[in-house]
Amino acid sequence: MKQIGGSAAMEGVMMKAPDAWALAVRLPSGEIHVERHEEPSLYQKYPWTKLPLIRGVVALIDALSVSYRALSRSAQLAGEEEEEELSGWALYGTIALSSLVGIALFIVLPAAISRQIVDAVAYPVLYNALAGLIKASLLVGYLLFIGRFPDIQRYFMYHGAEHKAIAAYEKGLELTVENVRAQPRFHPRCGTTFIAFVIVTSIVVYSFLPRPDVVWWLLLGRVALLPLVSAIAFELLRFSSSHDDPISRLLRWLGFQFQMLTVREPDDEMIEVAIASTKAAVAEGRELETELVA
């Protein structure tokens with residue numbers, strides 16, 4: 001599930017169930033608009049997508065697709081744009097462009113910088129560790145920078161409201177402002193934690209890339225292996241969130257450190273929006289789809 005927000009006129013939360021997604025938006029008038037979109041997830045359409053190492057990539061694609069459409073719809077409800085929702089090639093083209101920019105900044109650039117400092121052939125593990133450190137530094141720097149803007153700060157507060165609502169739901173509590181407010185703002189299956197696990201996993205996986213002496217392959221190979229890295233990171237996310245051994249606790253701690261950059265304590269009005277979205281998603285006895293929490 002994913003929160004959407006950005007301006008005072010466009011603040012909302014999207015929650016996803018296996019066969020639908022719900023959107024709650026705080027309108028400029030102060031009222032909360034709620035709507036439910038019936039749409040089976042890829043898991044429901046294609047049972048084979050639940051297989052290990054496949055489900056992670058599928059969950060990510062599904063979450064991105066729905067999130068972009070929810071963001072577009074929330075903008076319409078806020079009166080910020082008249083266009084219809086993104087659909088078809090326009091939607092996936094936007095996702096592809098965003099992905100390319102992310103790959104260039106957080107995969108290719110760190111690898112290129114690291115190559116100027118460490119011999120990738122002689123010290124592959126050190127080379128990949130440095131590339132991972134550069135990648136993490138770029139990400140942290142970026143989040144710290146955008147986190148200074150008031151609109152993004154509110155976005156991060158809605159992120160916290162979403163986490164708290166999900167935590168209350170998973171504990172079987174009544175979805176009231178008081179119950180939701182009392183929940184922790186960090187969630188072990190948060191998308192921010194997933195990104196942290198991608199960085200850690202990439203250090204290991206990329207160390208096994210053959211022919212590190214070939215520059216184009218050193219960079220292209222990282223892009224080619226990104227689905228595998230994402231799949232392994234997703235399995236780590238699932239494992240660490242459902243176990244309490246020392247390694248799982250360490251992984252959760254690492255994820256929570258990253259979440260400090262993107263999750264803030266929400267106010268009660270934000271919690272009300274998160275509750276409205278959650279209730280719409282679980283209408284008629286349905287369950288939330290909590291494999292990957294935004």
Side-chain angles (χ1 to χ4, degrees), residues 1-14 26 60 63-64 67-68 70-72 74-75 78 80-81 94-117 128-164 184-203 206 219 222-223 226 229-230 233 237 252-267 270 273-274 292-294:
M1 52 243 38
K2 188 174 184 64
Q3 83 295 335
I4 51 178
S7 70
M10 183 183 66
E11 301 186 347
V13 175
M14 185 274 285
R26 177 77 68 178
L60 186 59
L64 286 174
S67 296
Y68 271 104
L71 183 62
S72 175
S74 68
E80 295 188 354
E81 59 179 36
T94 302
I95 295 175
L97 179 60
S98 301
S99 300
L100 287 175
V101 173
I103 288 171
L105 288 178
F106 299 111
I107 296 181
V108 176
L109 181 60
I113 294 175
S114 181
R115 183 176 174 81
Q116 302 304 312
I117 302 173
N128 285 288
L130 179 59
L133 179 61
I134 295 173
K135 186 188 308 179
S137 299
L138 289 172
L139 178 61
V140 170
Y142 169 75
L143 292 174
L144 287 174
F145 173 72
I146 66 172
R148 298 172 60 88
F149 295 93
D151 286 348
I152 301 300
Q153 291 175 12
R154 291 188 63 79
Y155 182 95
F156 290 164
M157 291 170 71
Y158 269 99
H159 196 175
E162 176 208 12
H163 282 188
K164 286 173 175 282
R185 64 185 170 112
F186 298 143
H187 195 286
R189 294 191 302 280
C190 175
T192 306
T193 293
F194 173 73
I195 293 174
F197 288 0
V198 166
I199 294 174
V200 173
T201 304
S202 68
I203 295 175
Y206 292 160
L219 301 179
R222 282 170 151 64
V223 178
L226 184 57
V229 169
S230 300
L237 190 76
R252 285 199 299 272
W253 175 85
L254 173 63
F256 291 164
Q257 301 311 300
F258 265 74
Q259 286 184 46
M260 291 178 66
L261 298 169
T262 66
V263 184
R264 305 277 176 87
E265 283 289 341
D267 59 31
M270 295 174 178
V273 175
L292 182 61
V293 177

Thr262 OG1 to Ile195 CD1 distance, which is reported to the nearest 0.5 Å: 8.0 Å
Return a table of donor-acceptor pairs under 3.5 angstrom between the side chains of residues 105-113 and protein atoms on other chains or two or more places apart.
none

Once side chain to side chain contact (heavy atoms under 4.5 Å, CB included) is applied, do any residues pair with Arg264, and if so which ones, sequence neighbours excluded? Gln153, Phe156, Met157
Under 3.5 Å donor-acceptor pairs involving side-chain atoms of residues 128-143, not counting sequence neighbours:
unit_1 : atom_1 : unit_2 : atom_2 : d
Asn128 : OD1    : Arg222 : NH2    : 2.3
Asn128 : ND2    : Pro124 : O      : 2.7
Asn128 : ND2    : Tyr206 : O      : 3.4
Asn128 : ND2    : Ser207 : OG     : 3.4
Lys135 : NZ     : Ser202 : OG     : 3.0
Ser137 : OG     : Leu133 : O      : 2.8

So how far is it from Gln257 CD to Leu261 CG, rounded to the nearest 0.5 Å? 9.0 Å
Test of understanding: with salt bridge (Lys or Arg N to Asp or Glu O under 4.0 Å), list the residues that count as partners of Lys164, not counting sequence neighbours. Glu265
Heavy atoms of Thr193 and Gln259 approach each other most closely as OG1-NE2, 2.7 Å
Is there side-chain contact between Pro184 and His163, with at least one heavy-atom pair below 4.5 Å? no
By side-chain hydrogen bond (donor to acceptor under 3.5 Å, both in side chains), which residues pair with Arg252, not counting sequence neighbours? Asp244
Should Met270 and Arg154 be marked as a side chain to side chain contact (heavy atoms under 4.5 Å, CB included) after you check the CA-CA gap, both sets of side-chain angles, and the distance that decides it? CA-CA 9 Å; Met270 295 174 178; Arg154 291 188 63 79; 3.4 Å; yes
Looking only at heavy atoms, the pair that brings Pro266 and Gly160 closest together is CG-C, 4.0 Å
So, His159 side chain and Val263 main chain: donor-acceptor pair closer than 3.5 Å or not? no
Output all residues satisfying ring pair (Phe, Tyr, Trp, His ring centres under 6.0 Å) with Phe186, sequence neighbours left out; order by chain, then residue number. Phe256
Do Ile146 and Tyr155 have side-chain heavy atoms sitting under 4.5 Å apart? no
